[in-house]
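As structure tokens, the structure follows; a few thoughts come after it.
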Number of protein chains: 2
Amino acid sequence: MARSRQETMEENRVKLIAAGRKAFAEKGYAAASMDELTADVGLTRGALYHNFGDKRGLLAAVVTEIDGEMAARAKQIASSAGDPWQCMLAEGSAYIEMALDPEVQRIVLLDGPSVLGDPSKWPSQNSCLQATKRSVEQLLAEGVLKPVDAEAAARLLSGAALNAALWVAASDDPKVVLPKAIDAFKTLTSGLLADR
Amino acid sequence: MARSRQETMEENRVKLIAAGRKAFAEKGYAAASMDELTADVGLTRGALYHNFGDKRGLLAAVVTEIDGEMAARAKQIASSAGDPWQCMLAEGSAYIEMALDPEVQRIVLLDGPSVLGDPSKWPSQNSCLQATKRSVEQLLAEGVLKPVDAEAAARLLSGAALNAALWVAASDDPKVVLPKAIDAFKTLTSGLLADR
DNA sequence: AAGTTGACATACGTTCCGTATTTCATTATC
DNA sequence: GATAATGAAATACGGAACGTATGTCAACTT
């Protein structure tokens, strides 16, 4: 059947990243065994170290993938709102809800920063952060917001949202706590609105 | 000289925690060797595992200590401001500045959540979080804030502040970025203020 | 003063990561 | 179309670290 070399390599990369998502999410980065992980997809550590350099490299690839998916989802949600301001609030709420996913929490919010350092230094450039930064910049240009540094504001909003999600997920009754978090987030965010 | 048993044990605990702060801050949790760490203070792993159970136990003790120091410092700073509202802003700014300390960042903000889970579940109960929660409750009682869930608000503020600090520290020029972060934080926080 | 406790040391087994070497299919060359 | 070269992945190896299980000796008890 003559599978080309590039094809199989790409397939292996995909398989390893998928296995990484599963193992890192279920066991956490430190406890995830690269021997098990690679064996699960019919490979050995040789393939892993050839493709990703080391264990961190695989985590970086996994984080980049998840981060991209989150940003895409947020963009989609935001695009369905008319008012640019409502649009931003929806984006923030979306991040809180997405961060309730155990996979996102364990990999992106907990282990990611610990292993890869602060998100602003990630190779993926953290798509989520850049997306909210662009939203802020647009609102600034329209004069909807008080004059603030766009990057600082984006970072604060992102931190607040993702951190709130961790709190919600760790709470005894997420279903009842989530609305409180979203409500408080919207209230807090209104501080950026220019006085009318 | 008859050193009592409790005395030496307490001394050893103190020595191990101090060594833990140093090693965890300098090398990160994962790379910190318990053999080296204990040898540095003239002990062996036996003492460590007897006193703290495992490596995580030592980290928990270290985090509790640092968290306590941060909360105490914040309380002191906040007490020197007159207006309760200014008091809270000062508290938030203080957290941002304290989180610039590499020790705080590496141990409490990066490795802490990864190894011990979300701060709201920490044994120390996260003194910092509780402190800001109390501040919020007080302001709520005085009618200074819009009606919001105190815990949610505290969590959002804490997340925003500490996350901002990570961003500032990772930036190329912290000295010029820090004021932006604090300014944006104050602007954002004003969203909680009741309409006058 | 003898027995007991328990804090700590020591020895050991297991696991896991990263590298160095090897293999062999695929691609390129003649 | 046969042979040489490339490189993706396998395998073998070394080293380090964690946690446990056992031993030991000083400090406390009665």
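Below, chain A is the first sequence line, B the second, and so on; all start at residue 1. Computation of the quantities below employed the complete heavy-atom set of this structure, encompassing side-chain atoms and omitting hydrogens, waters and symmetry-equivalent molecules. Since we're looking at a predicted model, the values are computed, not measured.
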Checklist entry - Taking only N and O in the side chain of B:His50, is any of them less than 4.0 Å away from OP1 or OP2 of C:dA7? => result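 Checking C:dA7 against B:His50, a side-chain N or O does come within under 4.0 Å of OP1 or OP2.
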Whole Å only: how far is the [atom1] atom of [X] from the [atom2] atom of [N]?
X	N	atom1	atom2	answer
A:Glu7	D:dA9	CD	C1'	17 Å
A:Leu37	D:dA9	CG	C1'	16 Å
B:Asp35	D:dA17	CG	P	7 Å
B:Asn51	C:dG6	CG	C1'	12 Å
A:Tyr49	C:dC17	OH	P	6 Å

Checklist entry - Are B:Val136 and B:Tyr95 connected in a single hydrophobic cluster, I mean Ile/Leu/Val/Met/Phe/Trp/Tyr linked by side-chain heavy atoms less than 4.5 Å apart? => result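 No: no chain of side-chain contacts under 4.5 Å links B:Tyr95 to B:Val136.
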Next on the checklist: With nearest nucleotide decided by heavy atoms, which residue, B:Gln6 or B:Gly53, maps closer to the 5′ end of DNA chain D?
Outcome noted: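 It is B:Gly53 whose nearest nucleotide is closer to the 5' end.
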Could you please name the option among [options] that lies closest to any side-chain atom of [X]?
X	options	answer
A:Arg45	D:dT11, C:dG18, C:dA9	C:dG18
B:Lys55	D:dC28, C:dG18, D:dC18	D:dC18
A:Ser33	C:dC16, D:dC18, D:dC28	C:dC16
A:Met9	C:dT10, D:dA8, C:dA7	D:dA8

Checklist entry - Which of residues 11-20 of chain B have a heavy atom under 4.0 Å from DNA chain C? => result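 Those residues whose heavy atoms fall under 4.0 Å from DNA chain C, taken from residues 11-20 of chain B in numerical order, are B:Asn12.
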Checklist entry - Just by distance, with hydrogens left out, do A:Gln6 and A:Glu10 show a side-chain donor and acceptor under 3.5 Å apart? => result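 A:Gln6 vs A:Glu10: no donor-acceptor pair found between side chains.
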Next on the checklist: Does atom NZ (A:Lys75) have a neighbourhood of more than 12 heavy atoms from anything else shown, all under 6.0 Å?
Outcome noted: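 No, the 6.0 Å shell around NZ holds no more than 12 heavy atoms from other groups.
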Checklist entry - Could you state the interatomic distance from CG (B:Asp118) to CG (A:Leu166), rounded to the nearest 0.5 Å? => result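 If we round to the nearest 0.5 Å, B:Asp118:CG and A:Leu166:CG are 5.0 Å apart.
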Next on the checklist: Assuming nearest nucleotide by heavy-atom distance, tell me which of A:Asp54 and B:Gly46 is located more 5' along DNA chain C.
Outcome noted: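 On the 5' side of the pair lies B:Gly46.
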